Colleague: 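One structure follows; several queries about it will come next.
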Amino acid sequence: MPFDLSDESRYDRTRLRQWARGRARSAGVDRRDLLKLFAVGAAAGSLGVATGAPAAAAGSAATPGAPAAAAGPVTVKPLPPELFTLRGTNAETNFAALRGTGPLTPIDRFFVRNHTSTPRVDAGGWRLKVWGDGLAGGPVEFSYERLRALRAVERTLFIECAGNGRSFYTTQQGQPVTGTAWTLGAIGVARWRGARLSDVLRLAGVTRGAVDVLPSGLDDEVIANGVNLGRVRRPLPVAKALDDVLLAYEMNGQPLPPDHGGPVRLVVPDWVGISSIKWVGDIEVSDEPLYSPWNTDMYRLFGPEHPAQGSAPLTRQTLKSAFELELGATVPVHRTRLLTGRSWSAAAPVTRVEVSTDGGGHWRRARMHDAPRRGGWVRWSLPWTPRTTGATALLARATDASGRTQPETSVHNTQGYLFDAVVRHPVTVV
Ligand SMILES: Nc1nc2c(c(=O)[nH]1)N[C@H]1C(S)=C(S)[C@@H](COP(=O)(O)O)O[C@H]1N2
Ligand SMILES: [Mo]
């Protein structure tokens with residue numbers, strides 16, 4: 001089936017029809033289990049995977065309600081409290097810790113989103129197996145050396161969790177959501193170096209009939225509410241796979257660190273973070289649509305504002321802004337300080353940032369410190385001299401080159417994805 005990126009909803013509807021007729025394979029998960037998951041998602045969106053309710057802090061975030069996983073670190077790198085806020089198996093970057101850093105997020109403070117825990121995968125023994133009926137021939141294997149010998153590309157891109165900013169649905173809009181209660185720190189920008197997925201797929205003999213590719217991670221299988229969801233994996237339309245996706249083996253000039261998917265991960269520009277599968281071990285290429293819980297029950301929009309079976313699977317991220325300041329910071333009155341922050345958009349370069357220091361009454365244009373660029377963020381600043389004491393809110397509002405501006409409220413969905421509204425950042429002037 002030819003796939004036209006310009007009509008993703010039609011593609012998705014076709015996929016659903018094929019799946020309902022039993023023609024699309026569910027890629028490793030029993031179809032009845034997926035139907036159950038679907039039902040859960042449609043009813044309440046409450047599976048709680050991907051998410052790890054904040055309450056699951058001591059156990060595995062992927063298994064709320066299940067026996068707590070053995071306690072212990074889920075990352076290799078240290079997660080000091082000045083740099084990170086721990087949320088279950090995940091670590092959120094403290095935006096205040098980015099103040100004074102450059103346009104790239106240093107690896108020591110890049111957020112980590114792990115469904116289970118970081119596996120140790122040795123580059124020497126690592127193989128990428130590409131297989132499936134969307135190839136002209138049998139499986140093709142790539143060693144680390146073979147991958148590194150391919151033409152390399154380098155790109156500066158953000159990876160952002162689809163649920164970044166989720167907690168503001170509740171704290172700012174009074175709406176319940178399931179999932180990790182991120183503030184705005186589930187994003188990082190890095191310089192990625194790697195091979196093009198398109199080169200690898202062509203070497204493997206991808207055919208014109210291929211529809212989906214399904215990269216799987218080598219981390220542990222995910223158990224949620226007693227259902228084994230299998231390895232973390234999410235189908236990617238072949239049109240995106242052949243367009244701009246990287247198989248990255250370097251991050252900010254270093255070999256890709258274990259916590260960020262080393263030795264090799266996918267980097268899928270502009271798309272929700274779950275697309276960028278870490279520790280990729282195999283890629284199925286299929287001539288029919290594929291499903292996993294990560295494009296059916298999760299990573300769609302559910303709720304009254306959305307279709308009953310959920311939206312199409314999420315693709316592109318949205319736009320946001322954040323101050324490099326603790327939420328609830330205390331600042332001295334009559335003292336001028338430089339407010340700093342960052343704004344980013346997946347749709348187009350950020351062209352304007354406005355800041356309000358009086359809860360949204362007046363807006364001033366912030367000074368931008370980076371040239372607007374697709375795939376990255378812009379750093380900005382604005383001096384502020386508070387004149388009165390008491391509680392107030394700082395607001396930052398970005399506009400991108402496609403003309404989109406952050407709205408006052410974000411359209412709710414039960415799993416709290418794609419928050420894009422202006423955040424009211426609480427501060428107290430003393
Ligand atoms: N194999 C695997 N890939 C994965 C994940 C995971 O748990 N396992 N998490 C995904 C999610 S939800 C996000 S947001 C990004 C986070 O990338 P990071 O941990 O390098 O910041 O990785 C994605 N890739
Ligand atoms: Mo994510």
Side-chain angles (χ1 to χ4, degrees), residues 49-52 60-63 74-77 79 83-84 86-93 104-121 126 128 157-166 178-182 184-190 192 194 214-224 229-236 245-252 254 256-283 292-295 298-299 313-315 317-318 346 415-419:
V49 184
T51 61
S60 163
T63 58
V74 297
T75 60
V76 171
K77 71 180 181 185
L79 304 171
L83 302 185
F84 293 103
L86 303 188
R87 305 194 186 280
T89 53
N90 315 299
E92 174 170 355
T93 301
L104 303 182
T105 309
I107 289 169
D108 71 353
R109 55 205 76 187
F110 201 103
F111 86 104
V112 181
R113 165 62 178 119
N114 277 350
H115 283 71
T116 59
S117 63
T118 298
R120 298 308 294 253
V121 183
W126 177 85
L128 175 66
L157 296 165
F158 64 74
I159 288 182
E160 181 183 20
C161 190
N164 193 26
R166 168 184 287 133
T178 56
T180 304
W182 303 113
L184 287 170
I187 179 169
V189 175
W192 309 97
L214 181 61
S216 301
L218 294 168
D219 40 343
D220 285 343
E221 297 184 331
V222 179
I223 317 274
L229 304 180
R231 295 190 186 279
V232 177
R233 66 206 185 287
R234 187 175 201 253
L236 193 62
V245 177
L246 300 186
L247 282 161
Y249 43 71
E250 274 181 28
M251 180 180 186
N252 295 352
Q254 293 183 37
L256 188 63
D259 294 315
H260 298 293
V264 180
R265 81 176 299 167
L266 253 67
V267 175
V268 180
D270 302 326
W271 283 32
V272 286
I274 185 61
S275 320
S276 295
I277 295 294
K278 304 196 274 188
W279 316 290
V280 59
D282 83 75
I283 300 181
S292 88
W294 288 268
N295 73 338
M298 298 180 280
Y299 299 99
L314 298 182
T315 56
Q317 285 286 7
T318 177
Q415 296 176 35
Y417 297 127
L418 302 186
F419 189 86

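Whatever order the structure lists them in is the order used to number ligands and atoms, beginning at 1. None of these values were measured; they are calculated from a predicted model.
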Colleague: Which value, rounded to the nearest 0.5 Å, describes the distance between Leu214 atom CG and Arg233 atom CZ?
Modeller: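 Answer rounded to 0.5 Å: 6.5 Å.
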Colleague: Counting heavy atoms only, which part of Tyr299 comes closer than 4.0 Å to ligand 1: side chain, backbone, both or neither?
Modeller: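 Side chain only; the backbone of Tyr299 stays clear of ligand 1.
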Colleague: Would you please name every residue forming a side-chain hydrogen bond (donor to acceptor under 3.5 Å, both in side chains) with Asn252, sequence neighbours left out?
Modeller: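 In terms of side-chain hydrogen bond (donor to acceptor under 3.5 Å, both in side chains), with neighbours along the sequence ignored, Asn252 is linked to no residue.
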Colleague: Please name the residue in the list Gln254, Lys278, Lys77, Arg265 that meets the side chain to side chain donor-acceptor pair (under 3.5 Å) test with His260.
Modeller: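 Exactly one pass, corresponding to Lys77.
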Colleague: Could you pull out all residues at least two apart from Asp270 that satisfy salt bridge (charged side-chain N to carboxylate O under 4.0 Å, His left out)?
Modeller: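 Arg374.
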Colleague: Can you check whether Glu160 has an N/O within less than 3.5 Å of an N/O in ligand 1?
Modeller: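 No, since none of the N or O atoms of Glu160 sits under 3.5 Å from an N or O of ligand 1.
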Colleague: Hey, does the side chain of Glu92 reach the backbone of Phe111 with a donor-acceptor pair shorter than 3.5 angstrom?
Modeller: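 A pair under 3.5 Å: no.
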Colleague: Distance-only, no hydrogens or angles: does the Arg166 side chain make a donor-acceptor pair with backbone N or O of Gln415 under 3.5 Å?
Modeller: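 Yes; at least one donor-acceptor contact below 3.5 Å.
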Colleague: Counting distance only, does the side-chain N/O of Thr89 pair as donor-acceptor with the main-chain N or O of Asn114 below 3.5 Å?
Modeller: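 Yes, because the side chain of Thr89 sits within donor-acceptor range (under 3.5 Å) of the backbone of Asn114.
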Colleague: Can you find a non-hydrogen atom of Arg233 under 4.0 Å from ligand 1?
Modeller: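 Flag not set, Arg233 not near ligand 1.
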Colleague: If we ignore hydrogens and angles and just use 3.5 Å, is the side chain of Thr105 paired with the main-chain N or O of Ala190 as donor and acceptor?
Modeller: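 Flag not set: sc Thr105 to bb Ala190 has no pair under 3.5 Å.
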Colleague: Of all the atoms in ligand 1, which lie at a distance below 4.0 Å from a heavy atom belonging to His115?
Modeller: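 Under 4.0 Å from His115, ligand 1 has these atoms: 5 (C), 6 (C), 7 (O), 9 (N), 12 (S).
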Colleague: Distance under 4.0 Å to a non-hydrogen atom of Phe110: what atoms of ligand 1 satisfy this?
Modeller: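 Those atoms are 21 (O).
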Colleague: I need the atoms of ligand 1 closer than 4.0 Å to a non-hydrogen atom of Trp279, numbered in the order shown.
Modeller: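 With Trp279 as reference, the close atoms of ligand 1 come out as 1 (N), 2 (C), 8 (N).
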Colleague: Applying a 4.0 Å heavy-atom criterion (strictly less than), which segment of Ser276 is in contact with ligand 1: side chain, backbone, both, or neither?
Modeller: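 Contact part for Ser276 vs ligand 1: backbone (N, CA, C, O).
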Colleague: May I ask you to identify, for Arg231, whether its side chain, its backbone, both or neither come under 4.0 Å of ligand 1 on a heavy-atom basis?
Modeller: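 No part of Arg231 is near ligand 1 at this cut-off.
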Colleague: Can you tell me how far CZ of Arg231 sits from CG of Asp282, rounded to the nearest 0.5 angstrom?
Modeller: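 So the CG of Asp282 and the CZ of Arg231 are separated by 8.5 Å.
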Colleague: Hey, is Gly188 one of the residues with a heavy atom under 4.0 angstrom from ligand 1?
Modeller: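 It does not, in that no heavy atom of Gly188 comes within the 4.0 Å cut-off of ligand 1.
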Colleague: Only heavy atoms count here, so choose which of Gly217, Gly261, Gly273, Gly281 is nearest to atom 23 (C) of ligand 1.
Modeller: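 Comparing heavy atoms across Gly217, Gly261, Gly273, Gly281, the nearest one to atom 23 (C) of ligand 1 lies in Gly273.
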Colleague: For Asn114, take its heavy atoms, then give the atoms of ligand 1 lying under 4.0 Å from any of them.
Modeller: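 Every atom of ligand 1 under 4.0 Å from some heavy atom of Asn114: 7 (O).
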Colleague: For Asp219, which part has a heavy atom under 4.0 Å from ligand 1: side chain, backbone, both, or neither?
Modeller: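 Asp219 to ligand 1: side-chain contact only, backbone stays beyond 4.0 Å.
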Colleague: For ligand 1, which atoms, with element, lie under 4.0 Å from some heavy atom of Ile277?
Modeller: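 What qualifies from ligand 1 is 3 (N), 24 (N).
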